[in-house]
Amino acid sequence: MKKLIYLDNAATTKTSPEVVSAMLPYFTEHYGNPSSVYGFAAANKEVITKQREIIAGVLGAKSNEIYFTAGGTESDNWALTATAEAYAAKGKHIITSKIEHHAILHTCEYLEKRGYEVTYLDVDENGLVDPKAVEAAIRPDTILISVMFANNEIGTIEPIAEIGRIAHEHGVLFHTDAVQAFAHVPINVDECNIDMLSASGHKLNGPKGIGFLYIRKGVKIRSFIHGGAQERKRRAGTENVPGIVGLGKAVELAAASMQERMDYEIELRDYLIDRIEKEIPYCRLNGDRKKRLPNNVNFSFRFIEGESLLIMLDMKGICASSGSACTSGSLDPSHVLLAIGLPHEIAHGSLRMTLDEETTREDVDYVVDNLKEIVAQLRSMSPLYEDFVKKQA
Amino acid sequence: MKKLIYLDNAATTKTSPEVVSAMLPYFTEHYGNPSSVYGFAAANKEVITKQREIIAGVLGAKSNEIYFTAGGTESDNWALTATAEAYAAKGKHIITSKIEHHAILHTCEYLEKRGYEVTYLDVDENGLVDPKAVEAAIRPDTILISVMFANNEIGTIEPIAEIGRIAHEHGVLFHTDAVQAFAHVPINVDECNIDMLSASGHKLNGPKGIGFLYIRKGVKIRSFIHGGAQERKRRAGTENVPGIVGLGKAVELAAASMQERMDYEIELRDYLIDRIEKEIPYCRLNGDRKKRLPNNVNFSFRFIEGESLLIMLDMKGICASSGSACTSGSLDPSHVLLAIGLPHEIAHGSLRMTLDEETTREDVDYVVDNLKEIVAQLRSMSPLYEDFVKKQA
Amino acid sequence: MYTEKVMDHFQNPRNVGEIENASGVGTVGNAKCGDIMRIYLDIDENQIIRDVKFKTFGCGAAVATSSMATELVKGKNIQEAMQVTNKAVMEALDGLPPVKVHCSLLAEEAIHAALWDYAEKNGIKIEGLEKPKSDIHEGEEEEEEEY
Amino acid sequence: MYTEKVMDHFQNPRNVGEIENASGVGTVGNAKCGDIMRIYLDIDENQIIRDVKFKTFGCGAAVATSSMATELVKGKNIQEAMQVTNKAVMEALDGLPPVKVHCSLLAEEAIHAALWDYAEKNGIKIEGLEKPKSDIHEGEEEEEEEY
Ligand SMILES: Cc1ncc(COP(=O)(O)O)c(C=O)c1O
Ligand SMILES: Cc1ncc(COP(=O)(O)O)c(C=O)c1O
């Protein structure tokens, strides 16, 4: 096979073989519908409960506070729209940040069209939300604060414990999109006063198409998807048993090796950052240097555009992603990069590399060596670089 | 292993081994996110397109009219709520039937609380919706007709072509919940004037947690789950690639053998019905005898209650289901059985057996032999039977 | 879903049947809700329950609670039988799923109804016994979800 | 996502570079939208495009369309060069994804801008040539979804 260095673990991860093995029996052997009476299928209900317990254990939650969904996007949609409905009598104001995932931002836009008001908080140049700004934005009609645990593009970890404390003090519900953070860094819902938390299986070496929403007992939101009585009547639809089993297994594995993995990834991450900063001119590290996901590296390279960069890297067997507009078919580059203050043309030239525990130091060296050349090559054909050089002279 | 005769294929089916084989490479090998630029992942986009083509081909639709979801329930929720929103300016009236799945009925109730008006059409004693009643219910502000293709409990196949024609003539959108019918009986969306159609993978030997909504080109509904630009911006969330591949494979297999399977199941179904009617007194076949899903058998046995019956059958290794309230934890028996006019106590004593191509004549014989005994035994301890016998005497 | 004890009493129900010329018969529940229990009591002159039989139309839990309730009152005097509450029946069965708690209430009520019938027939009053409700289900349902 | 031709012109772009004292230079697009193309033309006294070079900041399609556009105008006279439309560029590349069609428009516009510069410098008028728009993107975007 062609050389392949996969550095896009924030986009999705490989489902680990142990997870697949755990799932397999639930396709062709224990395939029963957990709602059924007969023992053959009813046993699957217990299997699901077991996964709930595993996940709850990792979060410091109770198992009946975990509700399975089809992924992070559904969890985010559910948390926002159902809270908005359930608490409309109290108010119609929601606070979030400018760097949330589209699953949050587009749901907020949807709610805005339906009479809700949303405050989008600014972030600083490292992508940090200021807890004081959160506090200042709270109004008597504020019903929900939703700030992501860690950003998917620049890896910045937000001050969730402080924001949670503020939300709690003001009696406002607090949701966090932890799709990038859950099972990657420690999270305790009580310590952080988190009322709702979204997560997605395929971001933690679990399967795609499964995720969960943690809903603290007492939070009054109802279902988003209506139908059968599954998930304590809050999320209808025949349970995706193999998916749930896979998610539980992935969480179990991730939790068991979390500290070790973090240490390994942080060292490799910082090595990659250092080499790029030293060896490639006109670049900028995006995101906070310390308050950062262990596996996230994000750079902007001036004078070049991200999609070209990705294709050139791909030709060398390196999989990465970019905040360039061109990768999404829209014209504006990533809202996250704009929110941390990058000018458009610099935002266009950004590169995200997200490692995993299988990434080696050799991989990193190979990547930097190639990246140097590619950046130089793209600059040599860039009119922006031409102008810059002429101006310098 | 203990003897196991699985007669609950309407609840869920075994994922066929070929389907699992087709899915496997997409967990650990081709695990890339289809939205990514690099070739490793972008190839998954084509794989998804291919599944869309397979499904569209079976329905006589175009491939870009197929939108993947997390299952039948989500498809139903989407079709109803998004149509309601998109066409609210035209009107707020929806027509459906009293025997729809809860995924439809509970979504209708949700809409009713939000100012929509829903007409729930009666059905006859066989569970058939009268197309004339549909026509009579249409008003100038009617925006949607949603009638299921085939009922999940009693197996009745509705006159969808006629209802579609009427909807079309009156310029009203027509949605059908085909979760039980798709890939089991032939469906052509053009012949039936279907504008939207819901289906679910695990009802056709595909995986759980995946389904689709067919949306005819030109229908103006927007997304139900907001976020990324997946599914042509209409259904956000990282694509469940293995699930989609599994669904496509299952549909391909089901379509290839549909006629053969139907013939086989119908013969076995009718044999089962005949034996029960001949050998067990005080029973009633529920659902239309001819306009009926090939694999559905549903009987009510007077004087006994369904859950006890299921447990006794389970003890003999037979998996089936019931319209008894006790299986769902509510007090009322199945709304479908009540809608076809069964008194409560008879509805409670109902039994659904749904075959598949692996069911044999020997299985059926074994089931009937045991069923006879079990019904007799439960009647012997039933106060209702005691009263009945005393009254006869 | 059910404990082993429940399954045992469902598969091998004790005291199924009728008693001719019973001292008291009580029938509770209704077919609408899917549970009907009928208890026959044979009570001797010392107010001892010499024999008890039941017939039940209902789910697994309904059968098991009937069976257990008859076991618990058999050989007891009527005062002792009055102490056989739904909690006692549930405990003796090692518990019931929340949605099935009403079955144990029904069993308690069926015993009471049979005792009431006995008391009426004999013109006596049993301490603490009230006229049985016609429909045990009203308002008795437990909501599993309490958010 | 891209055809083989596009990938070839991206990986091996033809005519990258600058021309000193070019007869005409055109730069279109803007960094905000992520695409800038600059075309240098060397035009002889018979109005034949003797040489052409480009520099491009942009995605794979932007580079490939620039490369292909330079190939298509090289050696042509200016009237022929005016016939090199975005459609011609796209066809020569065996097509572009819908979201990338604007790149081909940009390439057409870059040629026109360089021709305009040449015309201005030489005080001539080129049949059918309009002053280049400053921002090619406005209103040019194709909506893939048309429901
Ligand atoms: C921060 C964040 N939230 C939400 C999502 C959506 O998750 P999914 O695509 O699994 O629905 C993602 C990933 O795409 C994410 O990174
Ligand atoms: C007719 C019908 N509609 C919808 C559904 C819901 O499908 P799912 O459970 O896959 O979401 C089912 C099955 O449960 C069904 O039988």
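Every heavy atom of this structure was used, including side-chain atoms; hydrogens, water molecules and symmetry mates were not. Protein chains get the first letters and strands the later ones, always in sequence-line order, with residue 1 at the start of each.
- To the nearest 0.5 Å, the span separating CD on Glu239(A) from OG1 on Thr12(B) amounts to 10.0 Å.
- In terms of heavy-atom pairs under 4.5 Å with chain B, the best-connected choice from Ser36(A), Gly243(A), Ala70(A), Ala103(A) is Ala103(A).
- Heavy atoms closer than 4.5 Å to chain A are found in the side chain of Val20(B), but not in its backbone.
- Relative ring orientation between Phe224(A) and Phe224(B) is described as parallel, the plane-to-plane angle staying below 30° on a 0-90° scale split at 30° and 60°.
- A salt bridge links Glu85(A) with Arg114(B): at least one charged nitrogen is closer than 4.0 Å to a carboxylate oxygen.
- In terms of heavy-atom pairs under 4.5 angstrom with chain A, the leader among Asn33(B), Asn77(B), Leu24(B) is Asn77(B).
- For chain A, no part of Met315(B) is nearby; none of its heavy atoms comes within less than 4.5 Å.
- Ranked by heavy-atom pairs under 4.5 Å with chain B, the first of Thr28(A), Asp76(A), Ile104(A) is Thr28(A).
- Most heavy-atom pairs under 4.5 Å with chain B: of the set Tyr38(A), Tyr26(A), Phe27(A), this distinction falls to Tyr38(A).
- Contacts between Ala41(B) and chain A at a heavy-atom distance below 4.5 Å are absent for every atom of the residue.
- Side chains of Val37(A) and Ser322(B) form no contact here, defined as non-hydrogen atoms less than 4.5 Å apart.
- In this structure, His106(A) contributes its side chain and Gly227(B) its backbone to a donor-acceptor pair below 3.5 Å.
- No other option in Ala236(A), Gly317(A), Ser200(A) has as many heavy-atom pairs under 4.5 Å with chain B as Ala236(A).
- Closest approach of Thr73(B) and His226(A) over heavy atoms only: CG2-O, 3.3 Å.
- Contact count versus chain B (heavy atoms, under 4.5 Å) is highest, among Thr69(A), Asp314(A), Val241(A), for Asp314(A).
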